[in-house]
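A short write-up of the structure that comes next.
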Amino acid sequence: VGLTYLFLPVTHFSAQEAASHTMLLPSNPVSLRTVFWMGDSKCTDYILVLWERGFYYASAASKSFLLYFARDMLAITSDKDQALLLAEASLSTVGAAILGGMLSSVLFTRTSIRAQSIACCGSIVLAIGSQFWVCLFFKEFEVKKMILLLFFAVYGFGKGSYMSADLALGIATMPDLDEASRYMGLWGLSAFLGAGLGGFVMSVILQLFGEILPVSYGMKVKPGSYSIHGYIALLCMCLCCQLYVAQLCLRIRTRAEHELGQGSQGSGTVRSKTNAFLVESTAPSEKEAWQSGMPEETSHPDG
């Protein structure tokens, strides 16, 4: 995160963009502040995008405890069996993520469904797929493993849907396209911050509910392992984060939606959507044409 913080101004200045009047030279300490400053009210929706992206990566940090879950809850202790489980989990997750991304791309480009709705639905599917502790209700090991991989597939499908829509929202809410490198750098940095803080918080939750509290209440916990209560608390926190992300996605408004809202109040500007970018066509109104001295086209009757 520290290296990302330091190299973000370098990325901004090396990108082929129009010069920014708000940026100073990288050697000036104030330039770091201007890179990360987003105090303008026009950045409200972009800040929501950064916020929901950070919470997504914070919840995704729970996946780093998969091997602990396999060891403590499924009794998979050998390195070979753990590697096989990770390979199967990755295959099911990635395969489903590809399908989810393709479906969201088709819906976004060929229908009138908003990217916010796709991201919201993807987050809800992610929340459902993160609750793989449900597999512990079954007795046979093979059934447990099959249910676990099924939840991973659901998680992957939601991830593919959410990630593609999240990228579209990041571009569609960018306050200034002339400073795309700066804003996309912040977009990427929010993922690092969310994953870093989320990993710390998730580990504290697992330690607290999986070992400290059970032992204090007289429950037997094998040394070096965690109880089921810790994993349930961990994955329920992941559920809450994903549902919060879904709620944030619905609050986001893109540049096109803001401008269309202004256009409905008298502006003659019309904009259409193509993927995450905007194609603009401007038609001056009668009043604007008169003020600018533009002659209006009039039709004359024959004769």
Going hydrophobic residue to hydrophobic residue with side-chain gaps under 4.5 angstrom, can you get from [X] over to [Y]?
X	Y	answer
I252	M184	yes
F132	I128	no
V49	L126	yes
M146	L150	no
V106	I118	no

Specify the closest pair of heavy atoms between [X] and [Y], including all atoms of both residues, with the distance to one decimal.
X	Y	result
L148	C135	N-CB, 4.1 Å
Y56	S59	O-OG, 2.6 Å
S130	L235	O-CD2, 3.4 Å
M202	A61	CG-CB, 4.4 Å
S92	A89	OG-O, 2.9 Å

Using a 4.5 Å cut-off on heavy atoms from C-beta on, say whether the side chain of [Y] contacts that of [X].
X	Y	result
W187	L167	yes
L74	L136	yes
M73	K144	no
C236	Q131	yes
T173	L48	no
Y183	P175	yes

Check: [Y] main-chain N/O paired with [X] side-chain donor or acceptor under 3.5 Å:
X	Y	result
R110	S105	no
S104	G100	yes
D45	R253	yes

Show me the donor-acceptor pairs within less than 3.5 Å that the side chains of residues 203-214 make with the rest of the protein, sequence neighbours left out.
residue, atom, partner, partner atom, Å
S203, OG, G199, O, 3.2
S203, OG, F200, O, 2.6
Q207, OE1, Y226, OH, 3.3
Q207, NE2, E211, OE1, 2.9

How would you list, by chain and number, every residue that makes a side-chain contact (heavy atoms from CB on, under 4.5 Å) with L67, sequence neighbours excluded?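 side-chain contact (heavy atoms from CB on, under 4.5 Å) check on L67 returns Q82, L86.
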
In Å, rounded to the nearest 0.5 Å, how long is the span from [atom1] of [X] to [atom2] of [Y]?
X	Y	atom1	atom2	result
I76	L66	CD1	CG	8.5 Å
F157	C121	CZ	SG	10.0 Å
Y244	C249	OH	SG	11.0 Å
L250	C120	CG	SG	4.0 Å
S164	L107	OG	CG	9.5 Å
L239	I124	CG	CD1	10.5 Å

Joining Ile, Leu, Val, Met, Phe, Trp and Tyr whenever any side-chain heavy atoms lie under 4.5 Å apart, the cluster holding V94 also takes in I98, M102

Are F55 and W51 an aromatic pair, judged by ring center distance below 6.0 Å?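 Judged by ring-centre distance (under 6.0 Å), W51 and F55 do meet the cut-off.
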
Sort out for me which residue in F69, Y68, W133 forms a ring-ring contact (aromatic ring centres under 6.0 Å, His included) with Y231.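 When ring-ring contact (aromatic ring centres under 6.0 Å, His included) is applied between Y231 and each of F69, Y68, W133, only F69 qualifies.
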
According to the salt bridge (Lys or Arg N to Asp or Glu O under 4.0 Å) rule, which pairs have a member within [range], sequence neighbours left out?
range	answer
residues 147-171	R53-D166
residues 63-81	none
residues 87-97	E88-K145

Within the 3.5 Å criterion, strictly below it, is a donor on E52 or Y162 matched to an acceptor on the partner's side chain?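 E52 vs Y162: donor-acceptor pair found between side chains.
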
